[in-house]
Amino acid sequence: MWQTARLVAAKDLNIEWRSRQVTNQVLPFAGLTLVLFAFALDRDDITARVAPGLFWLATTFSLIVLVQRAFAVETSDGALDTLRVAGVDPAGIYLGKSLALAAQLIVLEALLLLGVIVFYASHIRPAGIVLVIITALLATCGLAFVGTLYGGLAAGAKGRETLLPLLLLPVVAPVLIGATRAFEAAFGTRGGAGIRAGVEISDGWPWVGMLAIFAAVFGAAGVLAFGPLLEEA
Amino acid sequence: MSATVPNIQSQQGVDASWVSRRWRGITSTGFSRFLGILAIVLTVWLVLFGLIFSPPDITQQSSVRIMYIHVPTAWVAYLAFGVTGLSSAMYLFRKKHSLIWDRFAGASAEVGVMFMGLTLVTGALWGRLTWGVYWAWDARLTTTAFLFVTYVGYLAVRRLGGSHHARARRSGVLGLLAVLEIPLVHFSVKLWRSLHQEASVANPSGDVKMDGLMLFSLFVGLIAFSSLYFWLVLHRQRVMYLEDRYEDADLDTALAERRAESTGGSHG
Amino acid sequence: MDDAGFIFTCYGVTLGAVALYIGLLLRRARRNGRTAKAEELPWT
């Protein structure tokens, strides 16, 4: 299973490296959303305060695009069917594709974080750096697991481009909430203008726990469910 | 599909049993007729008790009358989604993979989405009267809204096409995932609210003192909507059977035509 | 009755929606059941 996962992940990342579709299209898209948020909100103090939420919104939107891409690669020339017929372990395919998706998301998030710092004048508290990294890693795992699972569910069907956001967005809501709160704790935003006087770093950790549960639950569900999903009649 | 309908209509006169069935309703049986009559009678009761017989509440006045509708719709919606999850599991885990479970899951989800939509509408109306706002970001409300969207997505997946078993497998997995997702959403929303503000509104049902007639009205509502639910799901499931059958028949004729074409071609 | 508008809307919308759904359901049943013979249906 892990062997398969590694090979599938390497294959996906290799395709990505050759086509540069993510670097040339998805990254600019994510950056553009940051700029558009700034246009819509129009005030510097507001963007600084809601920067964590905007960061995760931009990531979530990019996730949808990335998942579409990840499965368009598979279904356009029947590659998924070939893998299935060849008897490749579906759990391995699932983990591999999740891994590749997670890797792309991490790169995207690193650049988005830079964008948030530059555009929205956010600054991470030194003590919050660990929190930011762990939150990002766990949230990315959760997003990648859910994305791959629902992407596989809609793969190969007509109208999946419009269906995927409808399926995916409600499910990733806990990640959006949890990761945003954890980032707020690390950024120290909400302070003064918020409902409470300030946010302690320690306020972020319960959310990290929730993100871990989310990733574990959906990872396990995906490993179990991907097999039945792939066998099309 | 619609192109074949006139063709079939022409059989009306020939098929004598069709004429008699038309007035009985093709999807009804003795049991479902009984259930249907029960649902109608109880719904009339609900309207009478809810609007006329039951007294206004001390604190909420007449707006409490919305509760007799709102709470039963919410209950039925949750029941429906529970049945969807259970039926999905039955389809996926039973060796036979019987499509009847898939149809029950789909029928129940559809009825559930309707009732959940009504829950949101009636809840908004009630909220406007008792809280002064249509919507509050309370954990229960937010989870309800998420349930609604999730099962709208579920219904969309059921319409994706493919064979009946492909549909059943896909939606079965989704039905189980939804059951998994809901506690997570509820938990996260609850944590979110509790961390930065108390829900600004009082628990709507907590401080309502209910007298006997009010409790009875609510009880009538619950029973009425539950029987309505069972009637709807039973019939929706049967209609779905007919639709599947119709589709298969279409496919069969198309296949036969294609086969006749190809054999004709090879002979010539 | 106070707030009658809200309350009647609530009852009307709910019962109306259910009635509409039943109507659509029966129409679909009739449309899809035209070719079905009563003996073939699993519930008869």
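Chain letters run A, B, ... following the sequence lines, proteins first, then strands; residues in each count from 1. Note that this is a predicted model, so its numbers are computed, not measured.
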Minimum heavy-atom distance between [X] and [Y], given as atom pair plus value:
| X | Y | result |
| --- | --- | --- |
| B:L232 | C:L25 | O-CD2, 4.1 Å |
| B:R65 | C:Y11 | O-OH, 2.9 Å |
| C:A17 | B:L118 | CB-CD2, 3.8 Å |
| B:T122 | C:C10 | CG2-SG, 3.4 Å |
| C:D3 | B:S63 | OD2-CB, 4.4 Å |

Chain C heavy atoms under 4.5 Å from [X]: which part of the residue, side chain, backbone, both or neither?
| X | value |
| --- | --- |
| B:T43 | side chain |
| B:I66 | both |
| B:R238 | both |
| B:F31 | neither |
| B:L228 | side chain |
| B:F225 | side chain |

Exercise. Which distance, rounded to the nearest 0.5 Å, do you find between the CZ of B:R236 and the OH of C:Y21?
Worked result: 5.0 Å

Exercise. Taking atom CD1 of C:I22 and atom CD1 of B:I40, what is their separation to the nearest 0.5 Å?
Worked result: 7.0 Å

Seminar exercise, completed: Ranking B:T73, B:V121, B:L234, B:L51 by heavy-atom pairs under 4.5 Å to chain C gives rank one to B:L51

For this session: Evaluate the criterion side-chain contact (heavy atoms from CB on, under 4.5 Å) for residue pair B:Y241 and C:N32; output intermediate values, then yes/no.
Result: CA-CA 9 Å; B:Y241 172 86; C:N32 286 284; over 6 Å; no

Exercise. Any side-chain heavy atom of C:R28 sitting closer than 4.5 Å to one from B:H235?
Worked result: no

Exercise. Counting only N and O atoms by type, is there a donor-acceptor contact under 3.5 Å from the side chain of B:Y246 to the main-chain atoms of C:R31?
Worked result: no

For this session: Quick one: which of C:L15, C:V18, C:T9, C:V13 has the most heavy-atom pairs under 4.5 Å with chain B, could you say?
Result: C:V18

